[in-house]
Amino acid sequence: MSRIDRRFVQLKAAGRTGLIPFVTAGDPSPAHAVALMHALVDAGADVIELGVPFSDPMADGPVIQHASERAIEKGVGLADVLGWVAQFRQRDADTPIVLMGYLNPIEIHGYARFAAEAVQAGVDGVLVVDCPLEESAVLQPLRDAGLQQILLAAPTTAPARMVQLCGSARGFLYYVSFAGITGAARLSTGDIAARVADIRAKSKAPVAVGFGVRDAQSAKAIAGFADAVVIGSALVERLAGADDVDDITARASAFLAPIRAALDAH
Amino acid sequence: MSKITDFSVYPDEHGRFGAYGGSYVAETLMAPLAELTEAYLRLRQDPEFIAELDRDLKYYVGRPSPVYYAERLSRHVGGARVLLKREDLNHTGAHKINNTIGQALVAKRMGKPRIIAETGAGQHGVASATVAARFGLKCVVYMGAVDIERQKINVYRMKLLGAEVVPVTSGSKTLKDALNEAMRDWVTNVADTFYIIGTVAGPHPYPLMVRDFNAIVGREARQQVQEQFGRLPDVLTACVGGGSNAIGLFHAFLNDAGVRIVGAEAAGEGIATGHHAASLAAGRPGVLHGNRTYVLCDDNGQITETHSVSAGLDYPGVGPEHAFLKDAGRAEYVGVTDDEALEAFHLLARTEGILAALESSHAVAQAIKLAREYPRDGLVLCNLSGRGDKDVHTIAAREGVQV
């Protein structure tokens, strides 16, 4: 059983909603990237989504684009990200890591080479934002190497396609809670609840809900009907500008702690 | 790759031109793209739609545009005859309107009251604002802050036409960043919004649709050259940024095996300097803006900043059909530097009384090089894709002239 699958089994057994924070790898500080990952786990993260910086993140909002730009400016590349995962794994063998990013860095790195290095480093899943199911043949070497391809589903996804996505989902299915970019501020809980209920009925994989989750209150609203909650832009925004390790870890835990508490109180 | 003889069958139903093209977009865009593909594939065979488009191309755009034999330029060069396809004479002064009028008609048929567009040189923005006014649609244009500075006249022109121009300050603040921003707007407002992409890039069906709407350039030219000279041209050339005017000229000739095809990319300060925008001549296959194509990127896969004196060619990707034609050996892609383009601009101005756009000046420079390779009775057909009025300030500034 994969690390991701095992984690969701544990969550289900404990009756808890998973917390999946997203950070852009190397932001706010490449030197403290690994410390930040441990801090996220200490603050209650069940899975870590690590953004691989890309120069043209079309599906992300300005917050994550700027985080990407800052990391790229500091020279962060795919090899650094894999190195940090390997370092993280020396102290944490259990927390699943999902790399989230765009296809071009992987394509240029080489699919087979990336697959081997990612598995070696201890990566569990890969969410390639601009690689929908229809184009996923290129990711076969990743799947063959044992990486789980995390798929996105959206409010605009047609019913027949949703069945297809649910059937192909591995690890978890990431439901984008509205048709917009990451970090936008709109959320209709009732609508999301109904859609997620439908998806959970169709999908064997657990369903994580993200895009637009900002704080304890919005996370708690989703906890009632999702297997996990993804929090990205709001966290990245909170971390931006911090540069010493204590400040970074303090900000991460101050941000995540109330969310963790709200999810557990549910 | 085995020898391809019929280029008209591309792309396939997934929008693939051989290894290139496709739909590399986030899940949120899959439904809008499917809706657009369905609508467009229906409309492109709808006689009423085609008739409506043809009417506007004739009476509003002013088509057909002439093929003009640039006799004094040719004599000056001392080689083959250079023929100019005068897309600069279209309404709004460039080929861009062929596409925007087509897409605005699609938007209208799909019941979308708001159109958005990205623009580099501003030509596509102006062409979008123009058709939005023509069809009573709301129009928002995304433009890089650097390009806004370079193309003030076009920015004001868009505003005069009733469009809202949104400056984009992320990344390199040029065309690719404007494209990212427009894509975000579309994802967020897809219910009432139609995204008019200005070039033959982006996810399926855009490379197909934009090519179809521009292909009239080559269809007309193929007939006009035969009427005037009794045969097909020996060689075609056009400038290639995203590649819409080039594919527009090339497409009708792709199955004419005897017609050589040369695309002129922006070599900026020279390909060896790294300051250029020659994706095909100096890039590698990758994925950008929804399609697999040649891109300019570093070893980490980060898209690199490009340079060209012409904002319209300043793009690190290129339409997937060009990538396909390059690999298939059907078209050659070569670099033309800023200086060569400027020189061609002046030469054309003085020998023929035509101010070409800086983008198109790259094609003119390449046409001059090609003319020297062919005998006097040879025919070099060059797409003069836009007029140069918008560039007068850039040229003056570059040459230290106060206007």
Side-chain angles (χ1 to χ4, degrees), chain A residues 52-62 65-66 68-69 71-72 75-81 101-110 114 127-135 137-138 151-158 161-162 165 173-176 178-184 186 211, chain B residues 13-16 19 21-35 38 168-172 175-177 179-191 193 202-204 283-293 295-305 316-317:
Chain A
V52 179
F54 181 51
S55 51
D56 293 75
M58 280 195 313
D60 287 295
Q65 165 144 26
H66 289 141
S68 254
E69 283 170 8
I72 291 167
V76 175
L78 196 45
D80 302 292
V81 181
Y102 292 78
L103 200 54
N104 201 54
I106 300 177
E107 166 129 351
I108 298 301
H109 199 79
F114 169 79
L127 196 171
V128 186
V129 181
D130 59 350
C131 192
L133 204 52
E134 286 75 359
E135 304 291 356
V138 292
L151 293 172
L152 290 164
T156 48
T157 303
R161 186 176 162 78
M162 191 64 90
L165 290 175
L173 188 63
Y174 186 164
Y175 181 69
V176 175
F178 62 93
I181 52 172
T182 57
R186 272 184 290 164
F211 278 51
Chain B
E13 75 267 32
H14 302 291
R16 300 200 181 108
S23 298
Y24 293 88
V25 295
E27 179 61 28
T28 42
L29 278 178
M30 292 305 285
L33 286 170
E35 183 197 4
E38 194 272 323
V168 176
T169 55
S170 56
S172 58
L175 178 59
K176 78 177 176 71
D177 309 286
L179 212 152
N180 289 334
E181 209 58 40
M183 202 70 94
R184 288 176 182 146
D185 180 316
W186 195 37
V187 176
T188 311
N189 301 300
V190 69
T193 298
H204 181 59
R284 48 181 153 182
V287 175
L288 177 66
H289 292 147
N291 62 107
R292 178 182 302 285
T293 185
V295 301
L296 292 169
C297 68
D298 65 19
D299 290 339
N300 280 322
Q302 310 299 356
I303 303 304
T304 44
E305 291 190 10

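Reminder, nothing fancy here: chain letters follow the sequence lines and each chain counts from 1.
One N or O on the side chain of A:N104 and one on the backbone of B:V287 form a donor-acceptor pair closer than 3.5 Å. Side-chain atoms of B:T28 do not come within 3.5 Å of backbone N or O of A:A154 as any donor-acceptor pair.
For chain B, the nearby parts of A:E134 are the backbone and the side chain; heavy atoms of each come within less than 4.5 Å. For a residue to count as touching a neighbouring chain, one of its non-hydrogen atoms must lie under 4.5 Å from one of that chain's; by this rule A:V81 does not touch chain B. Contact annotation for A:V52: neither backbone nor side-chain heavy atoms come within less than 4.5 Å of a heavy atom of chain B. If you measure heavy-atom distances from B:L288 to chain A, the contacts under 4.5 Å come from the side chain alone. Only the side chain of A:L165 comes within contact range of chain B, with heavy atoms under 4.5 Å apart.
The two atoms that bring B:G301 and A:F54 nearest to each other are O-CE1, 3.2 Å, heavy atoms only. Nearest heavy atoms, B:R184 versus A:P57: NH2-O, 3.3 Å. Shown here for B:S23 and A:P132, the closest heavy-atom pair between the two residues is O-CG, 3.2 Å.
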* To do: Could you go through the side-chain contact (heavy atoms from CB on, under 4.5 Å) check for B:R284 and A:I108 one step at a time?
  => CA-CA 9 Å; B:R284 48 181 153 182; A:I108 298 301; 3.8 Å; yes
* Please test B:R292 against A:V138 for side-chain contact (heavy atoms from CB on, under 4.5 Å), starting from the C-alpha separation and ending with a verdict. => CA-CA 11 Å; B:R292 178 182 302 285; A:V138 292; 3.5 Å; yes
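Ion pairing between a basic and an acidic side chain is recognised when a charged N comes within 4.0 Å of a carboxylate O; A:E135 and B:R16 show such pairing.
B:L179 contributes atom CG, which lies 9.0 Å from atom CG of A:D56 (distance to the nearest 0.5 angstrom). B:W186 contributes atom CH2, which lies 11.0 Å from atom CE of A:M58 (distance to the nearest 0.5 angstrom).
When only modelled atom types and interatomic distance are considered, A:T157 and B:E27 share a side-chain donor-acceptor pair under 3.5 Å.
Ranked by heavy-atom pairs under 4.5 Å with chain B, the list A:H109, A:R161, A:E69, A:H66 is led by A:R161.
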